[in-house]
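For reference, the structure is listed below as structure tokens.
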Amino acid sequence: MALPTQSADFPAWYQEVVKQAELAEPSLARGTMVIRPYGFAIWEKVQRAIDDRIKATGHQNLYFPLFIPYRLLEKEAEHVEGFAPEVAVVTHAGGEELEEPLVVRPTSETVIWATYARWIQSYRDLPLLYNQWANVVRWELRPRLFLRTTEFLWQEGHTAHETEDEAVAEARLILDRVYREAMVDVLGLPVLVGRKSAAERFAGAVETFTLEGLMRDRKALQAGTSHYLGQNFARAYGVTFLGRDGKEHHAYATSWGASTRLVGGVIMTHGDDRGLRLPPRLAPIQVVVVPIYRSDDERGRVLGAAAAIRERLDGAGIRVHVDDREEQRPGFKFNEWELKGVPVRLELGPRDLDADQATVARRDGGGKEAWPLAGLPERLVTLLEEVQRSLFGDAERFRDDHTFRPGSYTEMAELLDDPGGFMLAPWCGGPECEARVKADTRATIRFLPLDPEPVEGSCIVCGSPATETAAWAQAY
RNA sequence: CGGGACGUAGCGCAGUUUGGUAGCGCGCAGCGUUCGGGACGCUGAGGUCGCGGGUUCAAAUCCCGCCGUCCCGACCA
């Protein structure tokens, strides 16, 4: 029952939190997971945060199939090359070998652009601003619940545009107005945004934008990506349109995705040695009420009061749950709800009722306080916002405390080893230097800042003139 | 796919060295006492010892093969 501490064994801590908080568990086929109701409720909140913003920025949802003819995949050379090793292929069905094998989608660019070819005739058909919520399969060698599973859930947006500028602006819009906003405002993740280096780019993309967070073990996590795909897919799948100039053009593409990995990001960003800590805006249960009583008389009185409070909190828009299970004692429930990360706990016993108060305990630290029942919902609404801010603040401070500007390659290697975190350092842009850092320290370039600071000095690796600042870190 | 560790009740483990009727803790079920920080007592259910083969009068234990899980590397949202 007891959780390993984060400092003693972070991977074990993570696994135990996921299991004990009943978020998910490994399933029967290697690399797959069952997402349990509480974990799925969190995912649904993530979905809602992202989906609302996708819609608010003018996109519509649709759905493409799970199976893609193998031949389709082959058309974009770089794309196939990137995904071939992790693609699952169906060769038999209906009791016979298939004439043409089907791949289980690892992502849907191919089938979608093959279809867009029929939907796009004229500049008047553009832009196409579509998104789908789907499962995808990538044959992973080393699965970890939520972070890397063979099958995972995500959304993938696929847009088609008339011009390069418009498509790049779309990729940036998603980054800022959809992902960053959802992650910062709802999930409480202090993500940094940037471009990927060529080595880290999505297979088939011209430019990949990314959002990166720093986990409690000082490793970076890619929380979402948005790609400018240029005309690569339009060329591969023959997507042309008649332009305003009366000539034929290839459409410009973007794609962007965020997955169930985000649930892992929330666990590893906010969690502590007692378990999960959920930001109130994400929490399926924001306030849990634990009734306390001895006799039957007290039981009736306390449960009655709890029901009344539930009504009032519900009316104030708070997601509240009364834990009236008979078989568990209060102390057990306190620990369980802390493990599950519920932001605020309300203890309600005879002593409280005698004083017209409730005992309020917040999950993000701080002790317990007695609050008058009068005005309770209003005060709790304020408290929840405060917890939301404080969790974000904690995570942001942790990230800043583990962001360094090493002065030499030796110093960078030492800092990466201990304590770890983001290393901001000048880079010459050479893939050899990037590869050397990876070989020496296992760290990769997580992102290149979007608005490059003026670069002074020389590449931290090779010493030749630097062209930009890179953020290095060990990553998931 | 390479290196290492491990598969015994739902979970965590002992038993394997030295072959001889499968155990402990937690959890689970029933009853009672409890209930403001992970309660206690009594009773009880639950196991093809990962799978297959071999050695033996006899295998959780010894031998061979396979499968799976975890950790470390290469790949990745």
Side-chain angles (χ1 to χ4, degrees), chain A residues 1-4 9-12 14-16 19-20 25-31 46 81-87 106-107 134-156 179 196 199-203 208 210-213 220-227 255-265 274-275 290-296 298-299 302 323-339 345-355 357-359 361 367-368 370 435 438-439 442 444 446 474-476:
Chain A
M1 199 70 198
L3 223 45
D9 189 345
F10 197 86
Y14 177 81
Q15 241 179 286
E16 282 298 308
K19 179 176 155 192
Q20 292 185 20
E25 62 185 36
S27 187
L28 274 46
R30 182 190 157 74
V46 173
E81 200 188 316
F83 279 103
E86 39 184 345
V87 159
T107 179
N135 57 341
V136 287
V137 167
R138 298 180 187 178
W139 215 252
E140 296 294 348
L141 302 176
R142 234 183 107 188
R144 304 191 62 178
L145 295 175
F146 288 114
L147 301 173
R148 199 189 304 104
T149 46
T150 293
E151 178 192 8
F152 60 89
L153 307 181
W154 76 342
Q155 57 68 217
E156 46 177 325
Y179 292 152
K196 283 291 189 190
E200 299 283 324
R201 209 137 59 200
F202 176 76
T208 288
T210 180
L211 301 98
E212 303 273 333
L221 182 78
Q222 180 173 306
T225 48
S226 176
H227 316 287
S255 71
W256 25 278
S259 72
T260 33
R261 166 179 272 195
L262 280 169
V263 176
R274 316 188 68 143
V290 178
I292 298 158
Y293 48 80
R294 293 161 194 259
S295 64
D296 274 355
E298 281 180 359
R299 179 172 173 276
V302 169
D323 185 358
D324 58 1
R325 287 175 298 173
E326 300 280 358
E327 31 330 326
Q328 254 76 45
R329 296 155 90 246
F332 180 91
K333 295 178 182 178
F334 296 168
N335 284 287
E336 182 168 280
W337 291 114
E338 280 167 7
L339 174 67
R345 178 179 73 243
L346 232 52
E347 302 171 16
L348 200 65
R351 289 209 301 266
D352 294 303
L353 292 184
D354 289 342
Q357 65 180 34
T359 301
K368 303 185 196 184
K438 187 169 182 180
R442 283 161 52 203
T444 49
R446 300 323 300 158
Q474 292 177 1
Y476 275 93

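A note on names: the letters A, B, ... follow the listed sequences, proteins ahead of strands, and every chain is numbered from 1.
The base of G36(B) lies outside donor-acceptor range of the side chain of Lys368(A), with no N or O pair under 3.5 Å.
On the P atoms, G7(B) is 10 Å away from G15(B), given to the nearest whole Å. Between C13(B) and G19(B), the distance separating the two P atoms is 27 Å to the nearest Å. C72(B) and G30(B) are spaced 48 Å apart, taking the C1' atom of each and rounding to whole Å. When the C1' atom is compared between A29(B) and C75(B), the two are found 48 Å apart, to the nearest whole Å. The gap from the P atom of U61(B) to that of G25(B) amounts to 25 Å, rounded to the nearest Å. On the C1' atoms, A9(B) is 11 Å away from A45(B), given to the nearest whole Å. When the P atom is compared between G44(B) and C51(B), the two are found 29 Å apart, to the nearest whole Å. Taking atom C1' on both A22(B) and G68(B), the two are 23 Å apart, rounded to the nearest angstrom.
A straight line from CG of Asp9(A) to P of C70(B) spans 14 Å, rounded to a whole angstrom. If you measure from atom CG of Leu353(A) to atom P of G36(B), you get 16 Å, rounded to the nearest angstrom. Distance CD1 (Ile292(A)) to P (C35(B)): 12 Å, rounded to an integer number of Å. Atom CD in Glu25(A) sits about 14 Å away from atom P in G10(B), given to the nearest Å. Distance Phe332(A) CZ to C28(B) P: 8 Å, rounded to the nearest Å. Straight-line distance from the CD atom of Glu327(A) to the P atom of U34(B): 18 Å, rounded to whole Å. The interatomic distance linking Glu326(A) (CD) with G30(B) (P) rounds to 14 Å, in whole Å. Atom-to-atom, CG of Leu348(A) to P of C35(B) comes out at 18 Å; the value is rounded to the nearest Å.
Under the Watson-Crick or G-U wobble criterion, with both distances below 3.5 Å, G41(B) is paired with C31(B). With both pairing distances under 3.5 Å, U21(B) is matched to nothing as a Watson-Crick or G-U wobble pair. Base pairing analysis places C1(B) opposite G73(B); the two distances defining the Watson-Crick or G-U wobble pair are each below 3.5 Å. Nucleotide C67(B) forms a pair with G7(B), judged by Watson-Crick or G-U wobble geometry with both contacts under 3.5 Å.
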For this session: Evaluate the side-chain contact (heavy atoms from CB on, under 4.5 Å) criterion for residues Val302(A) and Ile292(A): first the C-alpha distance (whole Å), next the side-chain angles of each, then the deciding distance (0.1 Å), finally the verdict.
Result: CA-CA 7 Å; Val302(A) 169; Ile292(A) 298 158; 5.8 Å; no
Problem set entry | Derivation of the salt bridge (Lys or Arg N to Asp or Glu O under 4.0 Å) call for Glu347(A) and Lys368(A) | CA-CA 9 Å; Glu347(A) 302 171 16; Lys368(A) 303 185 196 184; 2.9 Å; yes
For this session: Would you sort out whether Glu200(A) and Lys438(A) count as a salt bridge (Lys or Arg N to Asp or Glu O under 4.0 Å), showing the intermediate values?
Result: CA-CA 12 Å; Glu200(A) 299 283 324; Lys438(A) 187 169 182 180; 5.1 Å; no
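Toward the 5′ end of RNA chain B lies the nearest nucleotide of Lys19(A), the other residue of the pair Lys19(A) and Gly31(A) mapping further downstream.
Here Gly349(A) lies in heavy-atom contact (under 4.0 Å) with a base. Using a 4.0 Å heavy-atom cutoff across all strands shown, Arg345(A) reaches at least one base atom of the nucleic acid. Counting non-hydrogen atoms under 4.0 angstrom, Thr359(A) reaches a base of the nucleic acid. Within the nucleic acid shown, Glu338(A) comes within 4.0 Å of at least one base atom, counting heavy atoms only. Here Pro350(A) lies in heavy-atom contact (under 4.0 Å) with a base. The residue Lys333(A) sits apart from the nucleic acid: no heavy atom pair falls under 4.0 Å.
Considering only side-chain atoms of Arg351(A), the nucleotide from G36(B), G38(B), C70(B) that sits closest is G36(B). When each of G38(B), C70(B), G37(B) is scored by its nearest atom to the side-chain atoms of Gln15(A), the top-ranked nucleotide is C70(B).
A ring-centre distance under 6.0 Å is not found for Phe146(A) and Tyr476(A).
With sequence neighbours excluded, the residues that form a side-chain hydrogen bond (donor to acceptor under 3.5 Å, both in side chains) with Asp354(A) are Arg301(A). Applying the side-chain hydrogen bond (donor to acceptor under 3.5 Å, both in side chains) rule to Glu327(A) yields no partners; only residues at least two apart in sequence or on another chain are considered.
The pair Glu336(A)-Arg325(A) meets the salt-bridge criterion, since a charged nitrogen lies less than 4.0 angstrom from a carboxylate oxygen.
Between Trp256(A) and Tyr179(A), the ring-plane angle classifies as perpendicular under the 30° and 60° cut-offs.
By the 6.0 Å and 45° rule, Arg138(A) stacks over the aromatic ring of Trp154(A).
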Problem set entry | Per-nucleotide protein contact string for nucleotides 72-77 of chain B (B base, S sugar-phosphate only, - none; heavy atom under 4.0 Å) | SBBBBB
